[in-house]
Asks: 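Take this structure, written in structure tokens, and hold onto it; I'll ask about it next.
As the structure is a prediction and not an experimental result, all values here were calculated from the model. The analysis underlying the following values was restricted to heavy atoms, covering all of them including side chains, and did not include hydrogens, waters or symmetry mates.
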Amino acid sequence: MRVNLLSSNHEELMELAIRRGFIWPSFEMYGGVRGFYDFGPLGTPLKNKIIQKWREFFVLGEGSLEIDSPTIMPEEVFKASGHLEHFVDLMTECEKCGQAFKVTELVKEKTGMDVEGSPKLELEKIIRQHEIACPECGGKLGSVFEFNTMFRTVIGPGGKRVGYLRPETAQGIFVDFKRLWRQAREMLPFGVAQIGRGYRNEISPRQGMIRLREFTMAELEVFFDPEGPSHPRFSVLGEDTLKLWRAGREKIVDMEVREAVEKGVVCNELMGYYMGLTKRFLIELGIPEENIRFREQTERQRAHYSKETWDAEVRTERFGWIEVAGIAYRTDYDLSRHSKFSKEDLTVFLQSENRRITCHVLEPSFGIDRIFYCVLEHSYKHDGKRKYLSLKRELAPIDVCVFPLMNRDGLPEKAITVHELLRKRKFSVVYDASGSIGRRYARADEIGIPYCITIDHQTLEDHSVTIRDRDTTKQVRSSIEDLPSTLRSLLNGELEFESAGTPLTK
RNA sequence: GCGGCAGUAGUCCAGCCAGGUCUAAGAUCCUGCCCUGCCACGGCAGAGACGCGGGUUCAAAUCCCGCCUGCCGCACCA
């Protein structure tokens with residue numbers, strides 16, 4: 001298999017990402033399988049750092065609880081959640097108006113036949129024989145296709161217990177609700193996060209990392225009293241401006257979060273708050289503000305559990321605006337359903353208000369792989385001679401690269417001691433002595449290493465080294481003794497590069 | 001899933017139409033040695049490929065079929 005044609009930035013970037021070990025198509029030696037990607041030695045730390053940022057924003061920053069539940073769940077969970085009903089169906093679509101219908105229901109409605117479990121071809125035959133047309137417009141119905149995006153499996157021997165790979169992490173949180181309520185000390189609102197893999201057996205995944213069959217998602221379920229959907233820190237970002245595209249509207253408007261809440265553009269304060277937080281998070285990852293917008297899903301687009309959903313979209317050169325997060329008002333749908341199906345009482349009693357309620361849920365849900373792609377695309381710089389990943393320093397998979405100016409006069413030996421020093425101080429550091437100095441800088445730039453340390457003859461005299469900045473290629477000279485703390489401050493963003501040492505004069 | 005096009009070293013490609021001379025060329029990248037006093041310098045050496053499976057044929061990178069993967073369009077993306 002091949003990923004070829006270097007005719008655009010995107011293709012050039014993907015070539016780089018694969019060649020340098022950010023991502024690889026999975027199972028290449030067996031021909032590959034669509035919709036799966038491996039994260040390579042550079043992609044893995046980058047992804048982990050993105051996840052860590054999310055955790056800082058949505059778990060630590062919000063005081064949320066974080067859990068980790070199984071990716072395989074028994075059928076009952078998805079009966080209750082509505083996913084079985086909405087995910088696993090044979091569908092047909094009107095070729096004229098585009099409406100999609102469940103074949104079994106359509107056939108039952110028109111002929112009274114129960115065709116549950118019939119194969120695709122059989123159903124197509126029935127549609128033809130009975131001349132079943134589109135109930136909406138009378139148009140011709142297309143072929144029958146499977147609409148089963150959950151991976152099915154069996155649990156244990158005998159194949160009696162059916163299970164599914166979870167299509168979202170959220171259900172793991174809802175089924176733990178009673179214990180979580182205790183953990184949160186029975187106070188609202190409280191948030192529970194989960195970061196992990198989700199699975200959707202996409203009919204036809206394309207667009208590289210944008211539509212995967214196995215992906216990493218980061219979700220936060222905020223449980224709240226529907227009569228008090230406010231956020232204690234709302235004022236922190238109430239004045240942030242969001243680009244909003246309301247459902248059914250033509251125009252995208254800039255609006256402050258506070259105004260959007262007050263005017264009812266978004267359903268409540270929690271929705272507004274998490275939209276604002278989402279934008280801040282994306283900016284923190286290096287996505288330029290003008291490339292972030294929020295789009296309200298239309299009723300038809302919305303998931304079965306949602307009353308209002310705003311997608312956070314990021315503009316990419318290759319794919320246009322793509323959804324990277326969805327912030328859904330799930331109401332009490334999930335808790336009510338699980339309560340009904342499990343016969344467990346999932347209502348809570350609010351002591352201070354002397355009321356018993358079913359919590360409502362607001363859910364910010366992030367697709368980490370898509371964000372990973374956006375971060376890469378927005379950091380890829382290509383200006384004539386140089387090409388480099390201008391990754392935020394905190395996200396760079398490798399912190400620093402050390403090399404000797406030349407491979408003689410004891411410089412390599414000295415460089416190795418500096419490399420060891422930094423490694424012991426927990427930096428992600430590599431050593432490179434191959435090729436010319438320029439080639440080594442280029443190699444480091446290409447994978448976004450923020451700083452390069454060069455050992456030269458002066459190092460041997462006064463224990464100073466040069467630090468070179470990736471984005472500007474400027475250099476300063478600093479002592480080896482100060483190097484660990486200087487680098488740490490630079491990587492944290494606490495120190496300006498110009499202040500990291502004395503400017504190098506040639 | 002349907003239709004069209006495609007798949008040769010890590011990457012970009014030559015060869016395919018007109019089967020043998022392909023023991024598969026070139027560039028780049030990578031590794032080692034030499035050179036090199038700071039931004040992909042140069043020299044030498046080395047490593048590395050016909051997507052998978054079947055068929056036709058004396059002979060297949062080349063022709064045929066199936067699959068996989070990729071790209072484009074349609075559909076799908078709850």
Side-chain angles (χ1 to χ4, degrees), chain A residues 1-8 10-12 14-21 24-36 40 81-95 98 100 102 120 124 142-150 167-168 200-208 210-213 297 300-306 309 322-323 326 328 367 385-388 403-409 411 432-446 452-459 465-470 472-475 477 504-506:
Chain A
M1 68 174 297
R2 312 187 56 183
V3 179
N4 57 10
L5 295 173
L6 299 181
S7 60
S8 76
H10 168 260
E11 280 142 1
E12 217 174 85
M14 290 309 282
E15 186 271 312
L16 187 160
I18 291 170
R19 176 167 48 82
R20 296 303 305 270
W24 294 317
S26 298
F27 321 116
E28 270 185 302
M29 73 182 298
Y30 291 109
V33 182
R34 268 200 260 188
F36 295 94
S81 73
H83 284 89
L84 262 181
E85 195 182 323
H86 291 89
F87 261 73
V88 186
D89 276 308
L90 289 168
M91 305 287 287
T92 183
E93 206 179 53
C94 175
E95 290 178 353
K102 280 200 230 171
K120 274 193 285 189
E124 283 179 2
S143 54
V144 173
F145 56 90
E146 267 179 29
F147 195 68
N148 177 352
T149 48
M150 280 200 294
E168 59 172 7
R200 294 178 193 181
N201 200 359
E202 297 282 355
I203 294 166
S204 176
R206 277 195 210 176
Q207 307 179 305
I210 303 304
R211 270 176 75 195
L212 298 174
R213 287 182 162 132
Q297 289 190 355
R300 214 181 144 226
Q301 290 171 319
R302 280 203 306 270
H304 58 276
Y305 49 71
S306 170
T309 298
I322 60 170
E323 175 196 345
K385 277 181 85 174
R386 278 187 357 113
K387 67 179 175 196
Y388 59 103
F403 34 75
L405 184 58
M406 284 174 299
N407 286 311
R408 56 174 164 84
D409 307 332
L411 296 180
D432 190 356
S434 171
S436 70
I437 189 90
R439 181 178 297 283
R440 285 177 249 160
Y441 282 133
R443 227 182 251 140
D445 285 344
E446 197 176 49
C452 291
I453 307 298
T454 299
I455 277 62
D456 57 17
H457 287 89
Q458 193 177 329
T459 309
V465 297
T466 65
I467 309 174
R468 179 260 199 190
D469 179 64
R470 176 195 63 204
T472 63
T473 78
K474 284 183 182 161
Q475 284 176 277
R477 190 168 274 281
L504 190 75
T505 49
K506 289 182 184 173

Asks: Side chain of A:Thr466: nearest nucleotide among B:U69, B:G37, B:C38?
Replies: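 Comparing B:U69, B:G37, B:C38 against the side chain of A:Thr466, the answer is B:C38.
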Asks: Is A:Arg439 salt-bridged to A:Asp432, cutoff N-O under 4.0 Å?
Replies: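 No, this pair does not count.
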Asks: Establish, with yes or no, whether the OP1 or OP2 oxygen of B:C39 is under 4.0 angstrom from a side-chain nitrogen or oxygen of A:Arg470.
Replies: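 The answer is no; no side-chain N or O of A:Arg470 sits under 4.0 Å from OP1 or OP2.
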Asks: Determine the interplanar angle of the A:Tyr305 and A:His83 rings, folded into 0 to 90°, and report it as parallel if under 30°, tilted if 30 to 60°, perpendicular if over 60°.
Replies: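 The rings of A:Tyr305 and A:His83 sit tilted, inter-plane angle from 30° to 60°.
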Asks: Tell whether A:Arg468 reaches the base of B:C38 with its side chain through a donor-acceptor pair below 3.5 angstrom.
Replies: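 Not at all, since no donor on one side and acceptor on the other fall under 3.5 Å apart.
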Asks: Just N and O in the side chain of A:Arg206: are any of them under 4.0 Å from OP1 or OP2 of B:C71?
Replies: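 For B:C71, neither OP1 nor OP2 has a side-chain N or O of A:Arg206 closer than 4.0 Å.
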Asks: Determine whether the aromatic ring of A:His457 stacks with the base of B:G37, defined as ring centroids separated by less than 5.5 Å and ring planes inclined by less than 30°.
Replies: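 Aromatic stack with B:G37 present for A:His457.
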Asks: When we call it a touch if two heavy atoms are under 4.0 Å apart, what does A:Lys387 touch: a base, just sugar-phosphate, or nothing?
Replies: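 Counting heavy atoms under 4.0 Å across all strands, the contact made by A:Lys387 includes a base.
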Asks: Given 3.5 Å as the limit, does a donor-acceptor pair link the side chain of A:Arg386 with the main chain of A:Thr473, or not?
Replies: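 A pair under 3.5 Å: no.
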Asks: Please report, rounded to the nearest Å, how far the C1' atom of B:C30 is from the CD atom of A:Glu446.
Replies: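 Rounded to whole Å, this separation is 12 Å.
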Asks: To the nearest Å, how far apart are A:Arg443 CZ and B:U28 P?
Replies: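 It works out to 15 Å between those atoms.
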Asks: Considering only heavy atoms and no angle criterion, is a donor-acceptor pair shorter than 3.5 Å present between the side chain of A:Asp456 and the base of B:C38?
Replies: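 Such a pair exists between side chain and base.
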Asks: Show the nearest heavy-atom pair for residues A:Ile437 and A:Leu405, with the distance to one decimal.
Replies: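 Heavy atoms only, the tightest pair is CD1-CD1, 3.8 Å.
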Asks: Determine, for A:Tyr388 and A:Arg470, whether the Lys NZ or Arg CZ falls below 6.0 Å from the six-membered ring centre while staying within 45 degrees of the axis.
Replies: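 Judged by the rule (NZ or CZ under 6.0 Å from the ring centre, within 45° of its axis), A:Arg470 is not positioned above A:Tyr388.
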Asks: Using Watson-Crick and G-U wobble pairs whose two distances are both under 3.5 Å, how do you write the pairing of RNA chain B as dot-bracket, with | for links to another strand?
Replies: (((((((..(((.......[.....))).(((((.......)))))....(((((..]....))))))))))))....
Asks: Provide, to the nearest angstrom, the distance between the CZ atom belonging to A:Arg20 and the P atom belonging to B:U11.
Replies: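 Taking CZ of A:Arg20 and P of B:U11, I get 14 Å after rounding.
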Asks: Considering only heavy atoms and no angle criterion, is a donor-acceptor pair shorter than 3.5 Å present between the side chain of A:Tyr30 and the base of B:C68?
Replies: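 When only heavy-atom distances are counted, A:Tyr30 does not reach the base of B:C68 through any donor-acceptor pair under 3.5 Å.
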Asks: Given atom CZ of A:Phe36 and atom P of B:C68, what is their separation to the nearest angstrom?
Replies: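 Taking CZ of A:Phe36 and P of B:C68, I get 14 Å after rounding.
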Asks: Would you mind telling me which of B:C41, B:C38, B:A78 lies closest to the side-chain atoms of A:Arg439?
Replies: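 Closest of the options to the side chain of A:Arg439: B:C41.
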Asks: 5'-most contact on RNA chain B: A:Gly208 or A:Met406, nearest heavy atom basis?
Replies: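 Taking each residue's closest nucleotide, the earlier one in sequence belongs to A:Met406.
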Asks: What's the closest nucleotide to the A:Gln475 side chain, out of B:C38, B:U36, B:G70?
Replies: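 Nucleotide nearest to A:Gln475's side chain: B:C38.
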Asks: Of the candidate nucleotides B:C38, B:A78, B:G10, which contains the atom at the shortest distance from the side chain of A:Thr454?
Replies: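 Of the candidates, B:C38 comes closest.
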Asks: Between B:G37 atom C1' and A:Leu504 atom CG, what is the distance in whole Å?
Replies: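 Checked: the CG to C1' distance equals 11 Å.
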Asks: Could you tell me the separation between the CD1 atom of A:Ile437 and the C1' atom of B:G37, rounded to a whole number of Å?
Replies: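 The answer, rounded to whole Å, is 10 Å.
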Asks: Looking at B:C39, I'd like to know if its phosphate oxygens (OP1 or OP2) sit under 4.0 Å from a side-chain N or O belonging to A:Lys385.
Replies: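 A:Lys385 to B:C39 OP1/OP2: no side-chain N or O under 4.0 Å.
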Asks: Verify the contact: side-chain N or O of A:Ser436 to OP1 or OP2 of B:A40, cut-off strictly under 4.0 Å; return yes or no.
Replies: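 Checking A:Ser436 against B:A40: no side-chain N or O falls below 4.0 Å of OP1 or OP2.
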Asks: Would you mind reading off the distance between A:Asn407 atom CG and B:C34 atom P, rounded to a whole angstrom?
Replies: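 Value for this atom pair: 8 Å.
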Asks: Tell me the interatomic distance from A:Leu405, atom CG, to B:C41, atom P, rounded to whole angstroms.
Replies: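 A:Leu405 atom CG is separated from B:C41 atom P by 14 Å.
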Asks: Look only at the side chain of A:Asn407 and the backbone of A:Ala433, and say whether a donor-acceptor pair between them is shorter than 3.5 Å.
Replies: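 Between the backbone of A:Ala433 and the side chain of A:Asn407 there is a qualifying donor-acceptor contact (under 3.5 Å).
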Asks: Whether A:Ser434 contacts B:C30 is assessed here as follows: a side-chain N or O lying under 4.0 Å from the phosphate OP1 or OP2. Is that the case?
Replies: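 False: A:Ser434 side-chain N/O out of range (4.0 Å or more) of B:C30 OP1/OP2.
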Asks: With sugar-phosphate meaning primed atoms plus P, OP1 and OP2, does A:Arg211 contact a base, only sugar-phosphate, or nothing at under 4.0 Å between heavy atoms?
Replies: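 Base contact.
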